[in-house]
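Step one of this worksheet: look at the structure below.
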Number of protein chains: 2
Amino acid sequence: MNKSETRRRSSGRITLSDVAKAAGVSPITASRALRGERGVAQELVQRVKDAAQQLGYVPDPAARTLASQRSVQVPVLVPLLSNALFVDVLESVHRTLFPEGYQALIGVTHYDPQEEEQLLRTYLAHRPAGLLVTGFDRTEAARQLIAASGVPCVHLMEMTPAPGVFCVGFSQQDAGHSMTAHLLARGYQNVAFVAAQLDPRTMQRAEGYRRCLREAGRYDPKLELLSPQPSSMRLGGELLEELLRTRPGVDAVFFCNDDLAQGGLLAAQRLGLSVPGQVAIAGFNDLAGSDQMLPPLTTVRTPRSAVGEASARMLLALMRGEEPAHNSVDLGFELTVREST
Amino acid sequence: MNKSETRRRSSGRITLSDVAKAAGVSPITASRALRGERGVAQELVQRVKDAAQQLGYVPDPAARTLASQRSVQVPVLVPLLSNALFVDVLESVHRTLFPEGYQALIGVTHYDPQEEEQLLRTYLAHRPAGLLVTGFDRTEAARQLIAASGVPCVHLMEMTPAPGVFCVGFSQQDAGHSMTAHLLARGYQNVAFVAAQLDPRTMQRAEGYRRCLREAGRYDPKLELLSPQPSSMRLGGELLEELLRTRPGVDAVFFCNDDLAQGGLLAAQRLGLSVPGQVAIAGFNDLAGSDQMLPPLTTVRTPRSAVGEASARMLLALMRGEEPAHNSVDLGFELTVREST
DNA sequence: CTGAAAGCGCTTACAG
DNA sequence: CTGAAAGCGCTTACAG
């Protein structure tokens with residue numbers, strides 16, 4: 001046993017060289033054949049693929065990443081995992097990316113731009129293949145980190161007029177406007193807006209609510225009840241009670257999210273109020289259970305899974321170096337009128 | 001410019017060599033200092049760390065993985081992301097692992113052992129640092145893949161008597177028994193068990209239910225309603241209706257999961273049945289909203305976040321080559337009696 | 001306690 | 001269309 005053999009740190013793994021040897025070609029040719037790079041004789045491609053198959057060859061992602069300076073990682077930065085909305089997005093991103101050989105990575109920002117910036121630093125150091133971030137509200141440093149990295153990035157859940165920026169979502173403001181218009185059309189006189197968390201998308205819905213009421217000449221800031229606390233069913237109930245106590249005359253409530261609305265609906269029931277007779281209740285997002293409430297909840301159905309899939313497809317194109325058909329994709333929303341309004 | 005310079009594929013990245021040069025040591029020493037390996041002079045460690053800090057050095061994970069044959073990836077294989085249970089586990093695993101430099105990877109099996117086996121093949125090829133899997137129900141091939149890989153693995157959500165196997169969870173069967181015992185103690189005469197999905201953990205709860213009723217001499221297979229459909233609030237309502245139609249005399253229903261129970265509760269209300277007066281309803285897992293129902297739902301609180309954290313800590317120990325204090329950690333459960341029973 | 005050499009398994013850039 | 005050489009950025013194994 002000579003010195004070089006003693007020194008070998010063999011992992012026993014089947015490598016590209018093994019495949020190349022078996023196919024009777026050079027490792028480079030094997031590499032090209034396996035990656036489907038054009039410019040390799042059809043016959044060789046087949047021979048290499050057969051050899052790889054027979055040997056059970058699996059490429060080493062670390063070696064590939066190191067040599068090519070391109071990984072298969074795609075960090076997905078969302079505010080929370082406890083909000084089903086973002087789980088749906090993450091799930092469909094993962095489902096779209098995984099079969100293409102990319103790996104979606106969890107990133108939770110807790111609605112905190114500083115935390116997001118820190119995550120971005122960490123993830124960008126890993127040379128990700130692409131990046132998915134929620135909305136446009138971030139630190140200037142974060143924006144520059146993304147731009148400087150040159151990593152393709154798609155923004156989720158919001159629309160923006162900025163050119164050269166990629167996004168997939170829908171207009172949160174229009175959705176807020178649409179629900180408010182529905183409530184006015186139903187004849188409600190004092191339509192309140194109740195929100196929690198107060199993240200940018202929630203505030204865009206608030207803006208849609210305001211715009212609609214202003215157009216109708218009915219805007220009154222006292223009809224808004226905004227809480228920075230995290231959204232939950234319990235909080236929805238508490239806010240409804242506070243609203244009815246402090247704003248007598250309210251006959252319809254637009255909650256910025258379905259968990260609040262569901263809690264509000266149950267609280268109304270607990271208080272012996274008929275819905276929508278004494279107070280109409282509407283939500284947002286059409287989360288699980290909203291259609292099962294008593295009465296079933298009027299809400300806005302938002303395209304979470306579609307956003308996940310479309311953004312992943314857009315990113316796939318960008319990662320291949322292609323120009324996507326559109327910079328921004330508006331997937332819309334659907335006013336879903338049920339019995340609570 | 002000589003040939004070797006022409007050929008250089010520089011990425012402009014700050015490398016370990018840059019740090020070593022700045023600190024006036026060899027790259028190996030710099031590597032050791034940065035990784036906190038003992039056996040480096042205290043003074044050199046400081047000099048290297050300062051240099052790294054000043055240059056903004058970030059280690060390249062791909063190079064590290066390739067050289068050490070150990071990655072920082074930890075695939076977490078769970079049945080579904082649409083079940084809040086597993087999102088909670090995944091979230092706390094991620095929260096525990098990330099600060100330690102490890103990356104939790106999403107793996108969704110859709111309750112399908114074949115799909116899990118396929119995922120395992122893919123992930124294991126990436127040389128993960130560790131592995132987290134749900135329960136013990138998998139193909140023999142999957143079991144062997146895990147064993148042969150030598151990758152540390154912790155099993156989630158169930159307990160097992162097998163030695164040499166690591167797990168963190170609680171006894172699903174005891175939990176099922178406990179809830180059933182509570183219902184019997186309350187004096188209900190015909191306690192039904194209603195379940196969906198019928199995954200292994202659900203069936204362990206069913207077994208606990210059966211054991212308890214047999215002990216009381218009250219077991220009757222007709223009191224079980226099992227549906228292989230995916231769990232949902234809507235299904236819970238449907239199953240309750242079917243149960244009451246086909247099994248007259250049932251005065252208490254133990255649903256295997258809170259989403260079914262919540263749906264059952266709302267269906268009872270829709271049917272004009274008083275809960276618990278005419279029919280008692282109990283759930284499992286204490287999911288979001290169960291405490292807000294009318295009446296609030298009796299359920300079993302399960303330690304999802306604790307399971308995520310404890311399993312991640314156990315895995316952390318295993319990945320460091322340490323022997324964990326215990327092979328199996330039983331985190332227990334908590335019978336949570338509210339007004340629905 | 002420190003370092004020169006080799007190697008991890010792939011791909012890039014060049015040449016033919 | 002194919003390949004020999006070099007290199008990606010780190011760590012291992014050995015030597016001193």
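Residue numbers start from 1 in every chain, and the chains themselves are labelled A, B, ... in the order their sequence lines are given, proteins ahead of strands.
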Item to check | Arg35(B) and Ser31(B) side chains, donor-acceptor separation under 3.5 Å | outcome: yes
Next on the checklist: Need the pair for dA13(D). Rule: Watson-Crick or G-U wobble, both distances under 3.5 Å, any strand; none if unpaired.
Outcome noted: none
Next on the checklist: Measuring centre to centre across the rings, with the benzene-like ring taken for any Trp, is Phe136(B) within less than 6.0 Å of His155(B)?
Outcome noted: yes
Checklist outcome for this item: Result for 5'-nearest mapping on DNA chain D, choosing between Glu37(B) and Ala63(B), is Ala63(B)
Checklist entry - Taking only N and O in the side chain of Gln69(A), is any of them less than 4.0 Å away from OP1 or OP2 of dG9(D)? => result yes
Item to check | Nucleotide paired to dA4(C) in any strand shown, Watson-Crick or G-U, under 3.5 Å | outcome: none
Checklist outcome for this item: Taking for Ala62(B) and for Arg32(B) the nucleotide of DNA chain D with the nearest heavy atom, the one nearer the 5' end belongs to Ala62(B)
Checklist entry - Just to confirm, is there a sub-4.0 Å distance from OP1 or OP2 of dC10(C) to any side-chain nitrogen or oxygen of Ser31(A)? => result no
Item to check | Atom-pair distance (NE2 on His126(B); P on dC10(C)), nearest Å | outcome: 12 Å
Item to check | dG9(C) base / Arg127(B) side chain donor-acceptor hit below 3.5 Å | outcome: no
Checklist entry - Expressed in angstrom and rounded to an integer, what is the separation of Leu16(A) atom CG from dT11(C) atom P? => result 6 Å
Item to check | Atom NE2 of His110(B) with >12 non-hydrogen neighbours under 6.0 angstrom | outcome: yes
Checklist entry - Nearest to the side chain of Arg35(A), which nucleotide is it out of dT12(C), dG9(C), dT11(D)? => result dT12(C)
Next on the checklist: If you only use heavy atoms from C-beta on, which nucleotide in dG3(D), dG3(C), dG9(D) is closest to the side chain of Asp60(B)?
Outcome noted: dG9(D)
Checklist entry - Between dC1(D) atom P and Gln42(A) atom CD, what is the distance in whole Å? => result 11 Å
Checklist entry - Closest nucleotide of DNA chain C for Val40(B) versus for Tyr57(A): which of these residues is on the 5' side? => result Val40(B)
Next on the checklist: Can you measure Leu34(A) atom CG to dG9(C) atom C1' for me and round it to whole angstrom units?
Outcome noted: 13 Å
Checklist entry - Atom CG of Leu44(B) and atom C1' of dG3(C): how far apart are they, to the nearest Å? => result 12 Å
Item to check | Side-chain donor-acceptor contact under 3.5 Å, Gln118(B) with Tyr123(B) | outcome: no
Checklist entry - How long is the line joining CG of Asp18(A) and C1' of dC10(C), in whole Å? => result 13 Å
Checklist entry - Looking at Thr15(B), does any N or O in its side chain come under 4.0 Å of the phosphate oxygens OP1/OP2 on dG9(D)? => result no
Checklist entry - Any side-chain N or O of Thr29(B) less than 4.0 Å from the OP1 or OP2 oxygen of dG3(C)? => result yes
Checklist entry - Hey, are Glu309(B) and Thr96(B) close enough side-chain-wise for a donor-acceptor pair under 3.5 Å? => result no
Checklist entry - Of all the nucleotides listed (dG7(C), dA13(D), dT11(C)), which has the minimum atom distance to the side chain of Ala67(B)? => result dG7(C)
Next on the checklist: Within the 3.5 Å criterion, strictly below it, is a donor on Thr109(A) or Glu115(A) matched to an acceptor on the partner's side chain?
Outcome noted: no
Checklist outcome for this item: Rounded to whole Å, CZ of Arg70(B) lies from C1' of dT12(D) at a distance of 14 Å
Item to check | Among dC8(D), dT11(C), dG3(D), the one nearest Leu66(A) by side-chain distance | outcome: dC8(D)
Next on the checklist: Tell me the interatomic distance from Ile28(A), atom CD1, to dA5(D), atom C1', rounded to whole angstroms.
Outcome noted: 9 Å
